[in-house]
Amino acid sequence: MRITKLKKDNLFPFLEIISEEADLWVPVKKEDKHVFKVVDDFSEIEMNSTRTILPPRKIFLPPNFNMFSVSEKGYKEDFSHVTKKILFGVHPCDIHGLIILDNFNKQAYLDSYYLEARKNTLILGLSCWPDEYCFAKSSNTHVIEEGYDLFFTNLEDFFLVWIGSSQGDDLIRLKPELFDEELKNKDIQTYINWQAERNNAYKWNINFAALPDLMELKYKDPLWERLGDACLACGSCSNVCPTCNCYNIMDKQCLGGKDGKIMRHWDACTLKEYSEVAGGENFREKRADRLKLWYTHKLQAYISKYGKPSCVGCGRCIATCPVDINVRTVGKALIGEEVDAFWARINKEVTK
Amino acid sequence: MEKDKNGKLKIGIYELTGCAGDALLILDCEKELVSIFKAANIQSFLMAKSDNIDGELDVALVEGSVTTEKEKEELLDIRKRAKVVVGIGTCACFGGIQAVFLDKKEWEKNFKKVYGDIKMKHVKPVQSKPINAYIEVDYYLPGCPIGKEQFLSTFNRIIRGNPPELYGFPVCVECKWNENDCLLNKDIPCLGPVTRAGCGSICINHNLPCVGCWGPVEDANLTSEFKLLREKGFDYDFIKKKMATFSGTGMADFLGKLEGEKK
């Protein structure tokens, strides 16, 4: 793999050139959080952004889109969400999330809506610095070796740029004079120091290796009922998770006419209707059972199948759940640690 | 369902006590209005036409809650005439703002406070209740008012003999789709988690907390929402008022229970 160097002053000129090739999505501020967006003004780009509210999968499969347009003549697949895109500023954990989704969508049934969008999108990764919610080092997703076209490591006044694909290389060849192939020893040392310091910056960790067994051993633990008592069943943990991928389909027929649409929207196993079947039966009516399923998938089932959790340590569930049900508190509780969380307090008397 | 001689279902749209916002919303579907009247035989729709016939119906859409004996009779009559009854809007589904009072005694006290001892000649008022307090309701279409998209797709399904297909999840789901930061996490009292989706999280998109106007979602965890707001320092009565505003009788049982716990 080739590694080159880009002076920070040359970043915007580079983005300017590549944005002529495709829609450029970048991390920007939304109040005190971040989101991926297409912008006209590159100064809006947040180079030191934390996790975006929604993971990058929103760019491949929008929360709600039309799968088929139906008419008397039959149906026609709608791929209007598939356009040429470049996604800049994707953190390593989110690239790992995309790799997990790639595997999933390439399994028995090929999901062309995802795969077509993925094929038409270039991933330009960007290094990041952990905040209090990040635990990507625990899942070993703080580093990335595949799944990107270019990867930018953000150092003092320059980026080290990893070229991960021939398409990434093509982007550089649009204006190679912006890049500097000659790396100085000093640059390399800067990178080594940065890496050591970054690896030490993770404030907490979780022992993923212990969790599959603990999920099994504590499958009937009262913990799940306690979590279920507090869970608002809002589905936010699933919506913000970079590896969740469930969806539901609804028919939208046009009034009077014979045309219609078949809409596909994000669904979540943490929502009640998800497990409802014909006849109105529901296999997971209780919130505790739904949470158990979600955590079994993230912390146990995926590990036994693929040798790694389907949690990439991005910290979105921690930043999002209003009642503190997240991989950190659930993981800690499984391990038997004391947890400071709303769900752990809920059944105690609330004082004024 | 039988169709009339033109192959259309006979439909009636009725308004009980409410702001008539749902009927107005149907009229406000200007682009689709001709299609609505073409697709079905609209027998009765007081806001839209004067030649209303109160005969047998395939589908009755009923807006508003029941607040008088007369409305009660009217509703029972609609039920008798219609094969399918759909409650439209939060008032019909849950009782609406006018159903916030918790028990009958409290309602009588309030009624007396407002109207004094006067005898009502033409109407006999009763405590506001959703239509399912008196009749069996086949489908519900909540919203305050109902949404255009939601109404058109539901109407379309119903005239084809299909049940409505609505979002059964809370506002939070749409709110996340719109990539809003959670207001509860900023200690703003938002009812998104206990309120039915369909509005497109319009208030939160504008940084205003959800007031619950689409009524409670089936799977609402009221206890957790209540305790969460308490922990964030909100006053007992403030939360009670906020939660009761739009949920009508849907929240009365829950709040009644809390009242019991308080004492």
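Rounding to the nearest 0.5 Å gives a distance of 12.0 Å between OH of B/Y167 and CG of A/L271. Going from atom NZ of A/K252 over to atom CD of B/E149 covers 6.0 Å, rounded to the nearest 0.5 Å. For the atom pair NZ of B/K176 and OG of A/S238, the computed distance is 12.0 Å after rounding to the nearest 0.5 Å. Atom-to-atom distance recorded for B/E231:CD and A/I346:CD1 is 9.0 Å, nearest 0.5 angstrom.
Heavy atoms of other residues, nucleotides or ligands lying less than 6.0 angstrom from NZ of A/K30 number more than 12. Atom CD1 of A/I262 sits in a crowded spot, with more than 12 heavy atoms from other residues, nucleotides or ligands closer than 6.0 Å. Within a 6.0 Å radius of CZ in B/F238, more than 12 heavy atoms belonging to other residues, nucleotides or ligands are found. Around the CG atom of A/D40, the shell of radius 6.0 Å holds no more than 12 heavy atoms that belong to other residues, nucleotides or ligands. Shown here is A/K332, whose NZ atom has no more than 12 heavy atoms of other residues, nucleotides or ligands within 6.0 Å. Shown here is B/L46, whose CG atom has no more than 12 heavy atoms of other residues, nucleotides or ligands within 6.0 Å.
For the set B/C172, B/S153, B/A220, the count of heavy-atom pairs under 4.5 angstrom toward chain A peaks at B/C172. For the set B/L152, B/V217, B/T223, B/N207, the count of heavy-atom pairs under 4.5 angstrom toward chain A peaks at B/N207. Ranking A/N239, A/N64, A/V240 against chain B, the residue ahead of the rest is A/N239, based on heavy-atom pairs under 4.5 Å.
The contact between A/D229 and chain B is made entirely by backbone atoms, counting heavy-atom distances below 4.5 Å. If you measure heavy-atom distances from B/K38 to chain A, you find no contacts under 4.5 Å at all. Proximity to chain B (any heavy atom under 4.5 Å) is restricted, for A/A319, to the backbone atoms N, CA, C and O. Residue contact with chain A, scored on non-hydrogen atoms closer than 4.5 Å, involves the side chain of B/E218 exclusively. Both the backbone and the side chain of A/V35 come within contact range of chain B, judged by heavy atoms closer than 4.5 Å. Within the 4.5 angstrom heavy-atom criterion, atoms from both the backbone and the side chain of A/K272 approach chain B. Using a 4.5 Å cut-off between heavy atoms, A/D32 touches chain B through its side chain atoms alone.
A/G228 and B/N221 get closest at one heavy-atom pair: O-ND2, 3.9 Å. Contact between A/P322 and B/L228 at its shortest, heavy atoms only, is O-CD1, 3.6 Å.
Between B/R157 and A/D251, some side-chain heavy-atom pair lies under the 4.5 Å cut-off. Side-chain contact between A/P63 and B/V173 is absent, with no heavy atoms from C-beta onward closer than 4.5 Å. B/S224 is listed as a side-chain neighbour of A/V323, based on a closest heavy-atom distance under 4.5 Å.
Residue-level contacts of residues 275-292 of chain A with chain B, in order of numbering, are A/R287, A/R290; threshold 4.5 Å between heavy atoms. Residue-level contacts of residues 177-187 of chain B with chain A, in order of numbering, are B/W177, B/N178, B/E179, B/N180, B/D181, B/C182, B/L184, B/N185, B/K186; threshold 4.5 Å between heavy atoms.
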